[in-house]
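Computation of the quantities below employed the complete heavy-atom set of this structure, encompassing side-chain atoms and omitting hydrogens, waters and symmetry-equivalent molecules.
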Amino acid sequence: MIQPGLIELENISLTLPGFALENINLTIRENDFFAVIGPTGSGKSLLLEGMLGLMPFTSGRLLFNGTDMDRVPVEKRGLAIVYQDFALFPHLDVAGNILYGTRYHGISRDEAQNRLEHLSDILGLSRILDRRPHNLSGGEKQRTALARALILNPSVLLLDEPLSALDPVFHGEAKELLKRIHREMDMTIVMVSHNFDDVIYLADRGAVIHQGRICQTGDINILFEKPCDLFTARFVGMANLMPVKVGKGRVTVEGSDVSLRTANQPAFPFGYMGIRPEDIVPEPEGDVPVGSEPVGNRLRGTITGIDNHGMFIRVGLDSGGLQFEAVWPRRYIRQYNLSHGSGIRVYVSPEAVHVFREKLDPVPGCQDKAPLS
Amino acid sequence: MIQPGLIELENISLTLPGFALENINLTIRENDFFAVIGPTGSGKSLLLEGMLGLMPFTSGRLLFNGTDMDRVPVEKRGLAIVYQDFALFPHLDVAGNILYGTRYHGISRDEAQNRLEHLSDILGLSRILDRRPHNLSGGEKQRTALARALILNPSVLLLDEPLSALDPVFHGEAKELLKRIHREMDMTIVMVSHNFDDVIYLADRGAVIHQGRICQTGDINILFEKPCDLFTARFVGMANLMPVKVGKGRVTVEGSDVSLRTANQPAFPFGYMGIRPEDIVPEPEGDVPVGSEPVGNRLRGTITGIDNHGMFIRVGLDSGGLQFEAVWPRRYIRQYNLSHGSGIRVYVSPEAVHVFREKLDPVPGCQDKAPLS
Amino acid sequence: MSVLNRAKTDGMGLFFMGFSLPVILLLTLPLIEMAREPTVAMLFNTLKDREVMLAIARSLGFSLSAGLLAFVLGTPLSYLLARRTFPGKKLIEGIIDLPVMIPHPVVGIAILSLAGRTHPFGRFLADMGVQIMGTPTGIITVLLFVGLPFYVNTVKAGFESVPARLENASRTLGAGTWDTFRRITLPLTWRHMVLGIIMCTARAISEFGAIVIVAYHPMTAPVMIYERFTAFGLEYSQPVAVWLIALSLLLFVALRMMSRSAVQYQR
Amino acid sequence: MSVLNRAKTDGMGLFFMGFSLPVILLLTLPLIEMAREPTVAMLFNTLKDREVMLAIARSLGFSLSAGLLAFVLGTPLSYLLARRTFPGKKLIEGIIDLPVMIPHPVVGIAILSLAGRTHPFGRFLADMGVQIMGTPTGIITVLLFVGLPFYVNTVKAGFESVPARLENASRTLGAGTWDTFRRITLPLTWRHMVLGIIMCTARAISEFGAIVIVAYHPMTAPVMIYERFTAFGLEYSQPVAVWLIALSLLLFVALRMMSRSAVQYQR
C-alpha cells in the first residue's frame with residue numbers, strides 16, 4: 001500500500017478569470033516536508049486544488065511517482081489533505097469522520113478499528129471519539145482532520161495553511177505535532193503557508209510563490225538565508241535592504257560611505273544588500289569568536305529607537321547616515337545600557353551580508369537552481 | 001470637541017445563552033493604550049460590543065469621563081471602532097467612507113475636506129480616494145477604516161483585533177502606524193487582541209480575560225514579566241512552568257533536587273515557577289554582567305533538541321532530570337557549538353525566576369492590583 | 001429580555017412594528033374569521049359528507065404525488081444549479097421561476113395545448129393510453145408544473161448551504177462522486193428536501209385555476225369549494241375550506257416529524 | 001471551458017443532467033406550444049380587441065399596485081424579521097408563508113368572510129364606503145394577500161445579506177438608526193426590493209381562483225382567459241394568454257432596468 005511520494009510539476013499553468021498560475025516547475029521528493037510559501041492571493045492554494053484534481057490545469061503535466069495524473073479523478077490520486085478550516089463532516093462524530101475513507105482503501109473493519117485506536121491514542125482523541133465537530137476546540141478539530149487523512153496511510157499529505165486557523169495557544173502544540181508526524185510516518189508532506197516562521201520550523205525544502213509564479217525554490221535554509229530576489233528577501237524577514245555597488249569582497253551602499261565586507265560575492269555589479277536584523281550584534285558579543293576580527297564589519301551607530309516586541313526588542317540604529325534595524329534579546333537593554341540617542345558599536349559578520357538582485361527574470365530564472373548570491 | 005477619554009467599568013456583567021461576562025472591573029485612563037487580551041471565545045469582543053452600546057449589559061455601570069452611559073445610544077457615545085474585518089461601506093468609495101460620520105459631529109464641509117486631505121496624506125490614501133472597498137488591499141482597507149474613525153477626533157478609539165486580518169507583509173507596517181497614531185493624536189485606545197506579541201509592542205496597560213472574567217490587569221510589562229496565575233503565564237509566553245516548594249529566597253522544583261534562587265519572594269508555600277525561555281542563557285554570556293555571580297543560578301544540562309524557528313532557535317535542555325526550554329539567537333549554534341546530546345552550562349538570573357499560584361480566587365482576586373509574586 | 005428592551009426603546013423598531021401590524025392582520029384575520037364563522041355542528045356534518053372527504057383526499061393525494069415527483073425529478077436539477085457552472089444556467093434559473101407568473105388558467109391551457117390531439121406529442125400520449133384532460137394524470141402534471149419552483153428553489157438553497165469543500169474533502173478521502181453525494185450531501189440536505197416536498201405539496205393544494213381547466217372532475221377540494229360557493233353561497237363553502245386547511249396542516253406536521261426521526265436515525 | 005470539460009467526464013453530472021431534462025421540458029414545452037399555436041393574424045386581431053387590452057391593463061395595473069403596496073407595508077416587516085429577535089418570530093414567519101398553501105378560492109372566500117356585512121369589520125368598511133366584492137379594492141386586497149410572501153421573503157434575504165456589522169459601524173460613526181437605514185441599509189438592498197416588487201407583481205398577475213370569487217367584474221385577464229376557454233375553447237383563449245405573458249415580461253424588464261439606473265445614480 002505504501003508508495004513513494006514523488007511529485008513532479010512540469011510547466012503547469014492554470015488560468016482563471018483574473019488570475020493565473022504560470023509555468024510552474026517543481027520537484028517534490030519522497031519524504032520531503034515541502035512548503036509552498038507566498039502571500040495571500042499568490043496562487044498557492046490554487047496550486048493545491050490543481051494537484052488534488054479539483055481544478056483542471058490549463059496546460060502542463062503533473063506526475064506522481066512518474067505517472068501522469070491528468071485523467072486520474074480526485075478520489076484515485078491518493079493525496080490526503082487537511083484544509084485550513086478542517087472541513088470535518090458535521091453529521092458524523094469524530095470516529096465517523098476518521099473512519100470515513102477507510103472503506104475506499106481496502107482497509108478491513110478490524111484493521112480500521114485498530115488504526116483508529118492507534119491514531120486517537122497518538123493524537124489525544126480517544127476521549128472525544130463520539131463528539132460532533134461543532135463541540136470541538138480548534139486544536140481538536142485539526143487533530144481529527146489529521147487522523148482522518150493519516151488513517152489511510154497516504155503517500156502524500158497536503159496541508160493548507162494548517163496553523164493559521166488556530167489560537168496562539170494551540171499553535172505551538174500543533175507545530176510540534178506536524179513535525180512529529182513527518183518524522184515518524186513515512187510520507188511526503190506539502191504545506192501551503194504564508195508564515196515563514198512556521199515554515200522554517202517545519203519544512204526541509206520549499207518554494208516561494210508570488211503572483212502565480214515561482215520566485216525561488218530549494219532548501220529552506222537557503223531560502224531563508226540567501227533569498228534570490230528582493231520580494232523573497234522581504235518575505236523571509238530579511239531587513240536592512242539597501243541598494244549597493246558590488247566590489248571585490250565588499251559592497252558599498254549607494255549614496256553613502258558605508259562599505260561592508262561580504263562573504264557572498266555576487267556576479268553582478270549592482271544589487272541589493274540585506275542583513276537579517278538578528279545578525280547585527282552589539283560589539284562586545286561580536287568579540288567572542290576571536291579570530292574573525294580581520295574580516296568582520298564594525299559599525300559605530302546611534303540608537304534611534306527601541307521597540308519592545310515581548311521576547312525581543314527591535315533597535316533602530318543610525319550609522320553613517322543610514323538607518324539599520326537590529327533585533328536583540330530584551331535583557332540587552334540592561335546589559336548594554338541601551339537608550340534612545342546613546343552610541344553603540346555593532347558587529348556584522350561577512351557571512352551575514354547578503355547580496356541579491358532586485359528582480360529576477362521569471363523564466364527560466366532561478367527555479368530549482370542554486371541562488372545567485 | 002476633544003474630551004478626556006477616561007473609561008470606568010464597574011461590576012459589569014453581560015449574560016448571553018451559553019456565555020457570560022462576569023463582574024468586570026476596569027479603569028482605562030486618559031491617553032492609555034489599553035489592551036484587552038485573551039484567547040478566542042474569552043469574551044473580549046463582547047466587552048467591546050457592550051462598551052459601544054450594541055449589547056446591553058445585564059448589570060453594572062459603564063462610565064465615560066464620569067458619565068453613566070446606560071441610556072446613551074450607540075451614536076451618542078463618541079466611541080470610534082475599527083473592526084477586525086474593517087466593515088467598510090461597500091457602496092461608498094474611500095472618500096465617502098472616510099467622510100461618512102462628519103455630518104453627525106458638527107464638522108463643516110470645508111473642515112471635513114481639510115481633515116480628509118490631512119488624514120489621507122498621513123495614511124497614504126490620497127491616490128485611492130475614489131476606489132471602492134472591494135478594490136483595496138488588506139492594508140488599504142485598514143487605513144481607510146482608521147481614517148473613517150480618526151476624522152471625527154474621537155476621544156476613545158476601539159480596535160477589534162486590528163492586526164489579525166492582515167497578511168504578515170502588512171503586519172509590521174500596521175503595528176507601527178497604530179503606535180504612531182497613539183503617540184501623535186490625543187486619545188485613549190482600547191485594543192482587543194489574542195496576540196501577546198502585538199500587545200506588548202503597542203499597549204501601555206492591559207487586562208487578561210479568560211472565560212468571561214478578568215484574570216489580571218495592570219502595566220503591560222508587569223503582565224508580561226509577572227503574570228499572577230498559571231493561565232496568564234502560559235498566555236504571555238512564560239515557559240518552564242513547574243510546581244515548586246517555596247523557601248526563603250529559593251524555590252525547589254517538586255520531586256527533584258533542582259533548587260533555584262529567586263528575587264521574587266512570594267507569600268505562599270507552594271506554587272508554580274516560570275522562567276521565560278529567553279532568560280536561560282549560555283554560561284559565557286551569563287558571565288558578562290560581573291558581580292551578579294553570588295546570587296545567580298548556574299545549571300549544567302544536556303541538549304535534548306534544537307528547533308529552528310527562523311530568527312531564533314528553541315533549545316531543549318535536560319538538567320537534573322527536568323526539561324527546560326530556552327530560546328536563543330540562531331548564531332549560538334555555531335558560537336557555542338550546540339548539538340544534540342552535548343553538554344552546556346546555562347545561567348538564570350534570580351530576577352528571571354518567577355513564582356505564582358496555579359489559580360486565583362477570581363473575586364475580588366487580583367483585579368487591578370499588584371501581582372502576587 | 002434585554003434584546004426586547006432595546007427594541008422597545010428604539011424608535012425605528014417601534015415604527016416598523018406599527019407598519020408591520022396591518023400586514024400580519026391582512027394575512028391572519030380573514031382566515032381566522034373564516035374558521036370562526038361555521039358552527040361546530042356544520043363542521044361535523046361536513047366531515048360526514050363522503051363526497052367532501054373524497055375531494056379533500058384527492059387534493060391531498062394528488063398534491064403529495066406532485067411533491068414526491070418533484071423530489072425525484074427536481075433534486076438532480078437543484079444539485080446542478082447549486083454546484084455546477086454551465087452555459088445557459090441563468091436561463092434555466094429564469095425558467096424555473098416562470099410558473100410563478102403564469103396565470104393559473106393559462107397553465108392549464110398550455111398543458112392542454114401540448115396534450116391536444118392536434119399535436120404530435122399529444123397523439124403520442126394518446127397512443128400510449130395517457131389521457132391528460134379530466135384525469136388524475138392531468139391534475140398531477142398541472143400540480144407538478146406549479147409546485148416545482150418551490151421544490152427546486154428550497155433544495156437548491158439546501159445544497160448551497162453545504163460547503164463544496166466538504167464534498168471535495170470526501171473525494172480526497174477516496175469516495176467517488178456518487179458515494180460523496182450519498183454519504184455527505186444527502187444527509188446534510190435531507191431536511192431541505194422534506195421542506196421542499198412540503199412547499200411543493202402546499203403550493204399544489206392551493207391550486208385551482210389550472211385544475212379547473214384541465215379537470216373539473218375528478219373533483220378536488222378547491223374545485224368543490226368553488227362550486228359550493230357559486231351554487232350555495234359563502235357559508236356552504238367555508239366548512240370544506242376549514243377541513244382542507246386543517247388536514248393539510250396535519251399532513252405537513254406529520255412530514256416534518258418523519259424527517260426529524262429520519263435525520264436522527266441517519267448518522 | 002475547462003469546467004465544462006470536467007462536468008462532461010463525470011458520470012454523476014451526466015446522469016443528473018439527464019434527469020433534469022424532463023423538468024425543463026415540462027416547464028417550457030407547454031408554454032412554447034401555446035405561443036406557437038395561434039397564428040400571427042389571430043394575435044394581431046386580439047391586440048385590436050379593446051376589451052382584451054383593458055383586461056390585460058387591469059391585470060398589470062392591479063398587480064403592480066399590489067407590488068407597490070407590498071413594498072410599503074412589507075419592507076418594515078422584512079427588516080424586523082431579518083434583524084431583530086422577538087418572541088413569536090417563528091410564528092410570524094410561518095404566517096408569512098401561509099398564503100402559499102391556502103387554496104385560491106379559499107383566499108377569496110376568507111376575504112369575503114371578513115368583509116361581509118355580518119361582520120363588524122365588514123360593516124365598518126361598508127360605512128367607510130369601502131366595497132370589497134366586485135371592486136378594484138377587493139382585487140388588490142386579494143393580490144396583496146397572495147403576493148406578500150414573495151415580497152417579504154425576497155427582501156428579508158436582502159436585509160440578511162447586509163452584515164449587521166455595517167449598520168453597527170454606521171451607528172458608532174454617529175448616524176442614528178434612521179440615518180443608518182437610509183444611508184447604508186437602503187442603498188445596499190434597493191435591488192432586492194425591486195426584485196421583491198417584481199416577484200409579488202408576478203405572483204399577483206398569475207392569480208385567478210381568488211379573484212374569480214371576489215370580483216368576476218371588473219374583468220381581469222386571467223378571468224377573461226378562463227371565460228373564453230369555457231365559452232369558445234382553447235384557440236380563443238391562447239392569444240390573450242400570449243399577450244398577457246408578453247406584456248408582463250416587458251413590465252419586469254422595464255422595472256429591472258429602472259432599478260439598475262437607480263442604483264448607479266445612488267452612490
Side-chain angles (χ1 to χ4, degrees), chain C residues 3-4 7 10 12-13 16-17 19-20 22-24 26-31 33-34 37 73-74 76-77 79-80 84-86 92 95 98 100-106 109-114 119 145 148 177-178 181 202-203 205-206 208-209 213 222 225-226 229 234 237-238 241 244 248, chain D residues 3-4 7 10 12-13 16-17 19-20 22-24 26-31 33-34 37 73-74 76-77 79-80 84-86 92 95 98 100-106 109-114 119 145 148 177-178 181 202-203 205-206 208-209 213 222 225-226 229 234 237-238 241 244 248:
Chain C
V3 177
L4 242 189
D10 130 26
M12 193 172 76
F16 274 19
M17 279 187 188
F19 246 78
S20 305
V23 172
I24 307 288
L26 171 68
L27 295 181
T28 48
L29 268 194
L31 295 171
E33 185 50 32
M34 184 186 71
E37 278 181 11
L73 293 170
L77 180 63
Y79 186 78
L80 289 179
R84 303 291 169 89
T85 43
F86 48 87
I92 289 183
I95 289 171
L98 254 191
V100 169
M101 68 153 288
I102 306 291
H104 306 145
V106 175
I109 289 169
I111 281 171
L112 285 185
S113 311
L114 193 69
H119 193 269
F145 186 96
L148 253 173
T177 41
W178 280 109
F181 187 78
R203 172 63 186 88
I205 286 174
S206 75
F208 163 71
I213 297 268
I225 292 168
Y226 177 71
F229 173 75
L234 200 57
S237 58
Q238 281 170 339
L244 174 61
S248 319
Chain D
V3 178
L4 242 190
D10 130 27
M12 194 173 77
F16 274 19
M17 279 188 187
F19 245 76
S20 305
V23 172
I24 307 289
L26 171 67
L27 295 182
T28 48
L29 268 195
L31 294 172
E33 185 51 30
M34 186 187 70
E37 278 180 11
L73 294 170
L77 181 62
Y79 186 78
L80 290 179
R84 303 291 168 90
T85 43
F86 48 86
I92 289 183
I95 288 171
L98 254 190
V100 169
M101 68 152 289
I102 307 293
H104 306 147
V106 175
I109 290 169
I111 282 171
L112 285 185
S113 310
L114 193 68
H119 193 270
F145 186 96
L148 254 173
T177 41
W178 280 110
F181 186 78
R203 172 64 187 86
I205 286 174
S206 76
F208 163 71
I213 298 267
I225 291 168
Y226 176 72
F229 173 76
L234 201 56
S237 59
Q238 280 170 341
L244 175 60
S248 320

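Taking all atoms of both residues into account, the shortest heavy-atom contact from D/Pro30 to C/Ala110 is CB-O, 3.5 Å. When every heavy atom of C/Leu27 is checked against every heavy atom of C/Leu31, the shortest pair comes out as O-CD1, 3.5 Å.
Proximity to chain C (any heavy atom under 4.5 Å) is restricted, for D/Leu98, to the side chain, taken from C-beta onward. For chain C, the nearby part of D/Ile92 is the side chain; its heavy atoms alone come within less than 4.5 Å. The parts of D/Leu29 that come within reach of chain C are both its backbone and its side chain, each placing non-hydrogen atoms under 4.5 angstrom from that chain. For D/Phe229, the part sitting under 4.5 Å from any heavy atom of chain C is the side chain, from C-beta outward, and nothing else. Heavy atoms closer than 4.5 Å to chain D are found in both the backbone and the side chain of C/Ile95. At a 4.5 Å heavy-atom cutoff, the contact between D/Tyr79 and chain C is made by side-chain atoms alone. Heavy atoms closer than 4.5 Å to chain C are found in both the backbone and the side chain of D/Ile213.
The closest donor-acceptor contact from the side chain of D/Ser206 to the backbone of C/Val100 lies under 3.5 Å.
Taking chain D as the reference chain and counting heavy-atom pairs below 4.5 Å, the highest number among C/Ala202, C/Ser237, C/Ser113 is found for C/Ser113. Counting heavy-atom pairs under 4.5 Å between each of D/Gly74, D/Pro103, D/Pro222 and chain C puts D/Pro103 at the top. Between chain C and the residues D/Ile24, D/Leu26, D/Thr28, D/Leu244, the most heavy-atom pairs under 4.5 angstrom are made by D/Leu26. Among C/Gln238, C/Glu37, C/Arg203, C/Glu33, the residue making the largest number of heavy-atom pairs under 4.5 Å with chain D is C/Glu33. Highest contact tally toward chain D, considering only C/Ile205, C/Ile225, C/Leu234, is held by C/Leu234 [criterion: heavy-atom pairs under 4.5 Å]. Interface check for chain D: of the options C/Met34, C/His104, C/Met101, the most heavy-atom pairs under 4.5 Å are formed by C/His104.
Residues D/Leu80 and C/Phe19 have side chains not in contact (no heavy-atom distance under 4.5 Å, counting atoms from C-beta outward). Side-chain contact check for D/Leu148 versus D/Leu73: every heavy-atom pair is 4.5 Å or farther apart.
Atoms CD1 and CD1, from D/Ile109 and D/Ile111 in turn, are 11.0 Å apart once rounded to the nearest 0.5 Å.
Annotation: D/Phe181 is in aromatic contact with C/Phe16 [ring centroid separation under 6.0 Å].
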